[in-house]
Undergrad: 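This is the structure I want to talk about, given as structure tokens.
Convention: sequence-line order gives letters A, B, ...; per-chain numbering from 1.
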2 protein chains.
Amino acid sequence: MAADKRVSDLLRENGLKATKGRVEMLGLFLKAGRPLGQMQIMEMLGLKLDRASVYRTLNAFTEAGIIHMAYVNGRHRVYELPDKCSGRNCHPHFSCRSCGMTACLEGFQVRYKGNLGKGFVAERQKVLIEGLCPDCKEK
Amino acid sequence: MAADKRVSDLLRENGLKATKGRVEMLGLFLKAGRPLGQMQIMEMLGLKLDRASVYRTLNAFTEAGIIHMAYVNGRHRVYELPDKCSGRNCHPHFSCRSCGMTACLEGFQVRYKGNLGKGFVAERQKVLIEGLCPDCKEK
DNA sequence: AGCATGGATGCGACATTATTGCAATAATAA
DNA sequence: TTATTATTGCAATAATGTCGCATCCATGCT
Ligand SMILES: [Mn+2]
Ligand SMILES: [Mn+2]
Ligand SMILES: [Zn+2]
Ligand SMILES: [Zn+2]
């Protein structure tokens, strides 16, 4: 598949061997266009990869900067491509306290007033808005 | 101790029995003035409470609104008093990606531009700035 | 003060998420 | 193609948090 070739190259450009599992996982992130956790990845891939390999790949991708952890949902770590983020301005997420539904907030800017303090260096922000989704707001 | 009396009353005002463990834990939060996790709590209390009780108390306090989860540090959930927060404007935190050091950011305002979307209700924000602390910046 | 009662605790078992050691395997360079 | 070395699968282990249950104790009532 031609898409696989591009994904493989992307992996090698980032210093990672283009193994089957990695190609499938990165392809999934590219195709999904939304944050993914370990369980979802394995289900979408048909449980073909070992759990440990999925975790190791998520860590490898994160260290390489191909993905980053978007947020923690309960006990689950959820990862995504950093494509909707620009530099230190990572896009925020919303989480429904009632049903656990989460969503990327794209049309939503975060601004800060004040400064961190002498010597601190900001590299990234994680913003999570908690509240109620439209469904849970009813009733 | 007179302080214990006040803490006990605070617990009862929130519909919680003023047991020894709860008085000690809430006293710790009031005295510490900084976010605390389960491990820190048990160490500071000399391991007098059972692990399960600490977790149950953290949950009870959270449901009562006496504390809330400030952030997740690796696998650890860290809680704090909501006294530095006002309504839906919870104060942000900083976390050093190198040493794991975290800090409350008090002189730091967060502003949003744009809106959530029809039907969404924002109740709380969790903002975590990741980067390097002064010590780790030196390297 | 003494007693009754229901919630809280201690303890062990369990659930879940994530990591690690190690032998087998597969991706890359020569 | 072969050699080299990172990666994988598998099982064991770690780490965090929850649950059931018998016991205990904080509270309200007498
Ligand atoms: Mn996102
Ligand atoms: Mn804080
Ligand atoms: Zn919802
Ligand atoms: Zn640091």
Side-chain angles (χ1 to χ4, degrees), chain A residues 1 4-28 35-43 45-64 66-79 100, chain B residues 1 4-28 35-43 45-64 66-79 100:
Chain A
M1 210 200 247
D4 284 1
K5 174 71 165 59
R6 254 178 296 139
V7 173
S8 300
D9 290 342
L10 182 56
L11 284 168
R12 279 183 285 257
E13 283 165 25
N14 285 92
L16 295 171
K17 277 192 184 178
T19 64
K20 265 187 190 172
R22 286 175 176 174
V23 171
E24 287 202 67
M25 275 182 62
L26 184 48
L28 201 59
L36 298 172
Q38 170 263 334
M39 280 193 313
Q40 293 171 306
I41 290 169
M42 294 196 64
E43 284 168 11
L45 257 46
L47 308 171
K48 275 182 289 187
L49 278 79
D50 186 74
R51 240 185 24 259
S53 299
V54 172
Y55 283 120
R56 279 189 281 230
T57 299
L58 287 173
N59 289 337
F61 285 6
T62 299
E63 278 170 46
I66 298 178
I67 61 174
H68 60 209
M69 197 182 59
Y71 53 86
V72 178
N73 193 8
R75 299 183 177 183
H76 308 284
R77 299 179 188 175
V78 184
Y79 297 80
Chain B
M1 211 200 243
D4 283 2
K5 174 71 166 58
R6 254 179 296 138
V7 174
S8 299
D9 291 342
L10 183 55
L11 286 167
R12 281 183 283 256
E13 282 165 25
N14 286 91
L16 295 171
K17 275 193 186 176
T19 64
K20 267 188 192 170
R22 286 175 175 174
V23 171
E24 288 202 66
M25 276 181 62
L26 184 48
L28 200 59
L36 298 172
Q38 170 263 335
M39 280 193 314
Q40 294 171 305
I41 290 169
M42 294 197 64
E43 285 169 9
L45 257 45
L47 308 171
K48 275 181 290 186
L49 278 79
D50 187 73
R51 217 157 37 93
S53 298
V54 172
Y55 283 120
R56 279 189 282 230
T57 298
L58 287 172
N59 289 338
F61 284 6
T62 299
E63 278 171 45
I66 297 178
I67 61 173
H68 60 211
M69 199 181 60
Y71 52 87
V72 177
N73 192 8
R75 300 181 177 186
H76 307 284
R77 299 178 188 175
V78 185
Y79 297 80

Undergrad: With a 4.0 Å limit, can you tell me whether B/Arg77 has a side-chain N or O closer than that to the phosphate oxygens OP1/OP2 of D/dT16?
TA: no

Undergrad: On the nucleotide D/dG17, are OP1 or OP2 found under 4.0 Å from the side-chain N or O atoms that A/Arg75 carries?
TA: no

Undergrad: Which whole-number value in Å describes the distance from B/Leu49 CG to D/dC25 P?
TA: 13 Å

Undergrad: Using a cut-off of less than 4.0 Å, is there contact between a side-chain N or O of B/Ser53 and OP1 or OP2 of C/dA8?
TA: no

Undergrad: Is it true that B/Arg6 and B/Asp9 have a side-chain N and a carboxylate O under 4.0 angstrom from each other?
TA: no

Undergrad: Let me know, please, whether B/Ala52 or B/Met39 comes out on the 5' side of the other along DNA chain D by nearest nucleotide.
TA: B/Met39

Undergrad: For A/Asn14 and C/dA27, what is the distance between atoms CG and C1' respectively, to the nearest whole Å?
TA: 17 Å

Undergrad: Grab the two heavy atoms, one from B/Met25 and one from B/Leu45, that are nearest each other, plus how far apart they are.
TA: CG-CD2, 4.0 Å

Undergrad: Measure across B/Ala18 and B/Leu11 and return the closest heavy-atom pair with its distance rounded to 0.1 Å.
TA: CA-CD1, 4.0 Å

Undergrad: Quick check: any donor-acceptor pair below 3.5 Å linking the side-chain of B/Arg51 to the base of C/dG10?
TA: no

Undergrad: Taking the nucleotide of DNA chain D with the closest heavy atom to each, which residue, B/Gln38 or B/Ala18, is nearer the 5' end?
TA: B/Gln38

Undergrad: Between P on C/dA8 and CG on B/Asn59, what's the gap in Å once rounded to a whole number?
TA: 12 Å

Undergrad: Within this structure, what is the CD-to-P distance between B/Glu24 and C/dG10, rounded to whole angstrom?
TA: 10 Å

Undergrad: Heavy atoms from C-beta onward define the side chain here; which of D/dA11, D/dG17, C/dT17 lies closest to that of B/Tyr55?
TA: D/dG17

Undergrad: Could you tell me the separation between the NZ atom of A/Lys20 and the C1' atom of C/dA24, rounded to a whole number of Å?
TA: 16 Å

Undergrad: Any chance you could measure B/Glu24, atom CD, to B/Thr19, atom OG1, to the nearest 0.5 Å?
TA: 9.5 Å

Undergrad: Side chain of B/Asp50 only, please: which of C/dT19, C/dG10, C/dA13 is the nearest?
TA: C/dG10

Undergrad: When the distance from CG of B/Leu11 to P of C/dG7 is rounded to whole Å, what number comes out?
TA: 17 Å

Undergrad: Compare the minimum distances between each of C/dT17, C/dT9, D/dT27 and the side chain of B/Thr19, then state the nucleotide with the smallest one.
TA: C/dT9

Undergrad: Within this structure, what is the CD-to-P distance between A/Glu63 and D/dA6, rounded to whole angstrom?
TA: 14 Å

Undergrad: Give a yes or no on whether the backbone of B/Ser53 and the side-chain of B/Thr57 come within a donor-acceptor separation of less than 3.5 Å.
TA: yes

Undergrad: Check the distance between C/dC11's P and B/Lys48's NZ and give it to me in whole angstrom.
TA: 15 Å

Undergrad: B/Arg56 side chain: which of D/dG17, D/dC21, D/dA6 is closest?
TA: D/dC21

